[in-house]
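Let me begin by presenting the structure, written as structure tokens, before commenting on it.
Owing to the predicted nature of the structure, the values given are computational and were not obtained by experimental measurement.
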Amino acid sequence: MRVTVKVLHAGSASRRARAVVREVLQRAGVNEDDIADAEVIVAELAANAERHARPPYELRIFSLYGVPAWCEVADGDPDLYEVRIILDLLRSVKEIGLPLLAENGRGLLLARRLSRGHCRVRPVTIFTSGDAGTPGKAVAFALPTHSGSRLTFPCLPADH
């Protein structure tokens, strides 16, 4: 497994995350529709991190055997509670209206739908040098592959 980590700066996190994901998936030969979906997901997650969490922000792309498989947006807020509740709600309800998610959760709804249910939150520590070791959380989603399938998220220790 290989992990690519990019720092995301406040004010441009969504734009940078979209550009990095687009570049990685284009190199992997993923079709344009799937790339566009991945860009929407990562932009939503980066915007959520800026809006609801605190820096530092990181984009992480996990590649298995050279294939980009998972992407996550990490932030410096270790509280998983709200994100976990929203993801659990989205997993348990077949049809959910946007009014219910008017204040929180629309970005996670999009991430869950566009990743075909392959979205989760996990505790992490920040990798980047100036903030290395800072506890945080990451919201992760499966990236589309060249074949159109999505790989199952590997079991990783919280601080791996």
Next on the checklist: Is there a side-chain contact between Cys71 and Leu59 in this structure, where contact means two heavy atoms from C-beta onward sitting under 4.5 Å apart?
Outcome noted: yes
Item to check | From Leu114 atom CG to Asp37 atom CG, the distance as rounded to the nearest 0.5 Å | outcome: 4.5 Å
Item to check | Pairs meeting criterion side chain to side chain donor-acceptor pair (under 3.5 Å) with involvement of residues 4-21, two or more places apart | outcome: none
Checklist entry - When you look at Arg120 and Arg84, which way does the side chain to side chain contact (heavy atoms under 4.5 Å, CB included) test go after all the steps? => result CA-CA 8 Å; Arg120 64 183 265 193; Arg84 190 168 277 153; over 6 Å; no
Checklist entry - Under a single-linkage definition using a 4.5 Å side-chain heavy-atom cutoff for Ile, Leu, Val, Met, Phe, Trp and Tyr, are Val3 and Val7 assigned to the same hydrophobic cluster? => result no
Checklist entry - Say you draw a straight line from CE of Met1 to CZ of Phe62; how long is it, rounded to the nearest 0.5 Å? => result 6.5 Å
Checklist entry - Would Val21 and Ile61 satisfy side chain to side chain contact (heavy atoms under 4.5 Å, CB included), going step by step from the backbone distance to the final call? => result CA-CA 8 Å; Val21 165; Ile61 298 175; 4.3 Å; yes
Checklist entry - Do you know the tightest heavy-atom contact between Pro68 and Thr145? => result O-CG2, 4.3 Å
Show every donor-acceptor pair shorter than 3.5 Å between a side-chain atom in residues 136-143 and any protein atom, with sequence neighbours excluded, or say none if there are none.
from	atom 1	to	atom 2	distance (Å)
Lys137	NZ	Asp75	OD1	3.1
Lys137	NZ	Asp75	OD2	3.3
Lys137	NZ	Asp77	O	3.2

Next on the checklist: The criterion is side-chain hydrogen bond (donor to acceptor under 3.5 Å, both in side chains); which residues satisfy it with Thr128, sequence neighbours excluded?
Outcome noted: Glu58
Item to check | Electrostatic pair Glu72:Arg122 at N-O distance under 4.0 angstrom | outcome: yes
Item to check | salt bridge (Lys or Arg N to Asp or Glu O under 4.0 Å) partners of Arg27, counting only residues at least two apart | outcome: Glu23
Checklist entry - Are any of the side-chain heavy atoms of Thr125 and Thr134 separated by less than 4.5 Å? => result no
Checklist entry - For the residue pair Pro144 and Val30, what are the closest heavy atoms and their distance? => result O-CG2, 3.5 Å
Next on the checklist: Are Val124 and Arg60 packed together at the side-chain level, in the sense that at least one heavy-atom pair is separated by less than 4.5 angstrom?
Outcome noted: yes
Checklist entry - Excluding sequence neighbours, so at least two apart, what forms side-chain hydrogen bond (donor to acceptor under 3.5 Å, both in side chains) with Glu39? => result Arg22
Item to check | Partners meeting side chain to side chain contact (heavy atoms under 4.5 Å, CB included) with Tyr81 (sequence neighbours left out) | outcome: Asp79, Ile85
Next on the checklist: Please evaluate residues Leu110 and Ile41 with respect to the criterion side chain to side chain contact (heavy atoms under 4.5 Å, CB included), reporting the C-alpha separation (whole Å), side-chain torsions for both, the decisive distance (0.1 Å), and the verdict.
Outcome noted: CA-CA 7 Å; Leu110 279 171; Ile41 296 169; 5.9 Å; no
Next on the checklist: Show, in sequence, the C-alpha distance, side-chain angles and deciding distance for Trp70 and His118, and conclude whether the side chain to side chain contact (heavy atoms under 4.5 Å, CB included) test is met.
Outcome noted: CA-CA 9 Å; Trp70 276 84; His118 297 282; 4.0 Å; yes
Checklist entry - Minimum heavy-atom separation for Ser63 to Gly66, with atom names? => result CB-C, 4.4 Å
Checklist outcome for this item: Nearest heavy-atom approach of Ala13 to Glu50 is CB-OE1, 3.4 Å
Next on the checklist: Hydrophobic cluster membership, with links at side-chain heavy-atom distances under 4.5 Å among I/L/V/M/F/W/Y: are Leu45 and Ile35 in one?
Outcome noted: yes
Item to check | ILVMFWY cluster, Leu108 and Leu80 together (side-chain gap under 4.5 Å) | outcome: yes
Item to check | Rounded distance [0.5 Å steps], CG in Asn48 versus CD in Glu82 | outcome: 9.5 Å
Item to check | Closest non-hydrogen atom pair, Arg54 against Pro78 | outcome: NH2-CD, 3.4 Å
